[in-house]
Amino acid sequence: IYPPTQGLWLKSVKKNTSSMKRQVQKAMKKIKSPGRYLINRGEPMTSVIESWLERRLEHKFFCVVDENGKLLGTLTDGDLRRGLLQGLSTHSPALMFAKKNPVYGFDYESTVKVEEKLRATTSELPFLPIVSKDGVIFSIVIGERKLYAEVSALIMAGGFGKRLKERTADRPKALVE
């Protein structure tokens, strides 16, 4: 009904969307050539561990791929520990340790959608493989490290001990029936 107002609203929406995209892009780091972070599904875990050490990767994760570069899963040091606790051998293939249904984005998705998916990851260092329509890894997006605040609390309550005095004179309160 009121085109001038509607036009102002559209400008405002476009302005907010572009500033949101800039904020999202600041918070994300894109690895354009993800080759260093790819590992073949049949690679034994001993090789994966050596690769973590040799490649001196800034971020401790791998994307497990098949021979064509198609994403099959993701692998973190936590996945390695969980696999060992479940009885897997270090000679087992990487795919056995990997998370087989990882969160990933598509190369045609908007930056805002990619950021939403990145925030949905539970990792301390969120990362999101970006794949093409046929599942081949295109790039990897790294989010900001999630910092967890250490909280300490001490609650003290006291009194004169008059109510239970005769029962706790010769034994601790925890042993009183």
Side-chain angles (χ1 to χ4, degrees), residues 10 13-151:
L10 284 174
V13 168
K14 287 178 184 175
K15 193 175 192 178
N16 288 341
T17 305
S18 65
S19 69
M20 187 187 317
K21 282 183 180 177
R22 280 194 300 273
Q23 289 173 353
V24 166
Q25 287 168 344
K26 280 183 188 176
M28 295 187 311
K29 177 181 171 185
K30 195 172 204 172
I31 298 174
K32 294 191 179 186
S33 55
R36 296 181 61 204
Y37 290 92
L38 303 183
I39 197 105
N40 190 294
R41 67 175 164 191
E43 198 77 30
M45 278 310 293
T46 50
S47 296
V48 173
I49 295 166
E50 288 172 9
S51 293
W52 262 323
L53 299 173
E54 287 172 7
R55 295 181 190 184
R56 294 189 177 130
L57 298 174
E58 182 181 351
H59 310 291
K60 300 290 187 222
F61 70 86
F62 279 115
C63 293
V64 182
V65 296
D66 66 7
E67 298 75 29
N68 300 318
K70 186 174 179 179
L71 178 67
L72 300 176
T74 57
L75 185 63
T76 64
D77 57 338
D79 296 321
L80 169 63
R81 286 191 294 260
R82 280 186 287 279
L84 292 173
L85 287 172
Q86 291 172 358
L88 293 174
S89 164
T90 55
H91 299 290
S92 301
L95 188 58
M96 290 184 74
F97 286 85
K99 180 179 179 183
K100 292 175 188 70
N101 56 346
V103 178
Y104 57 89
F106 289 100
D107 57 353
Y108 56 83
E109 288 180 323
S110 71
T111 309
V112 175
K113 183 73 172 171
V114 168
E115 172 64 16
E116 285 174 10
K117 288 182 176 183
L118 192 61
R119 266 190 268 124
T121 62
T122 56
S123 175
E124 182 181 316
L125 177 69
F127 65 95
L128 186 72
I130 306 296
V131 299
S132 62
K133 287 181 183 177
D134 52 350
V136 176
I137 292 193
F138 178 73
S139 67
I140 300 171
V141 175
I142 309 280
E144 289 183 347
R145 185 176 293 277
K146 294 179 184 176
L147 300 176
Y148 299 98
E150 188 174 316
V151 179

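Start at 1 with the first residue, then count along the sequence. When reading the values below, keep in mind they use all heavy atoms of this one structure, side chains included, and skip hydrogens, waters and symmetry mates.
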So K113 and F106, do their side chains get closer than 4.5 Å, heavy atoms only? no

Whether D66 side chain and N68 backbone form a donor-acceptor pair below 3.5 Å: yes

Distance (rounded to the nearest 0.5 Å) between M45 CE and L88 CG: 9.5 Å

Out of curiosity, I130 CD1 to L118 CG, how far, rounded to the nearest 0.5 Å? 8.5 Å

Apply side chain to side chain contact (heavy atoms under 4.5 Å, CB included) to R81 and list each qualifying residue two or more places apart in sequence or on a separate chain. D77

According to ring pair (Phe, Tyr, Trp, His ring centres under 6.0 Å), who are the partners of F97, at least two apart in sequence or on a separate chain? none

Is I142 close to Y37 at the side-chain level, that is, under 4.5 Å between some pair of heavy atoms? no

Residues two or more places apart in sequence or in another chain: which of them pass salt bridge (Lys or Arg N to Asp or Glu O under 4.0 Å) with E54? none

Write out all pairs satisfying ring pair (Phe, Tyr, Trp, His ring centres under 6.0 Å) with one or both partners inside residues 113-136, taking only residues at least two apart or from two chains. F61-F127

So the salt bridge (charged side-chain N to carboxylate O under 4.0 Å, His left out) pairs with at least one residue in residues 93-109 (sequence neighbours excluded) are E109-K117

Smallest heavy-atom separation, W52 atom then L80 atom, equals CZ3-CD2, 4.1 Å

Smallest heavy-atom separation, V103 atom then L128 atom, equals O-CD1, 3.4 Å

Can you see which heavy atom on P93 is nearest to which on R41, and at what distance? CB-O, 3.5 Å

Heavy-atom pair of closest approach, residues N40 and A94: O-CB, 4.1 Å

The side chain to side chain donor-acceptor pair (under 3.5 Å) partners of N101 (sequence neighbours excluded) come to none

For D79, the side chain to side chain donor-acceptor pair (under 3.5 Å) test, sequence neighbours excluded, returns T76, R82

Sequence-distant partners of S89, side chain to side chain contact (heavy atoms under 4.5 Å, CB included), two or more places apart: H91, S92

Could I get the full list of side chain to side chain contact (heavy atoms under 4.5 Å, CB included) partners for L71, not counting sequence neighbours? C63, P102, Y104, P129, V131, I137

Using side chain to side chain contact (heavy atoms under 4.5 Å, CB included) as the criterion, list what pairs up with S47, not counting sequence neighbours. E43, P44

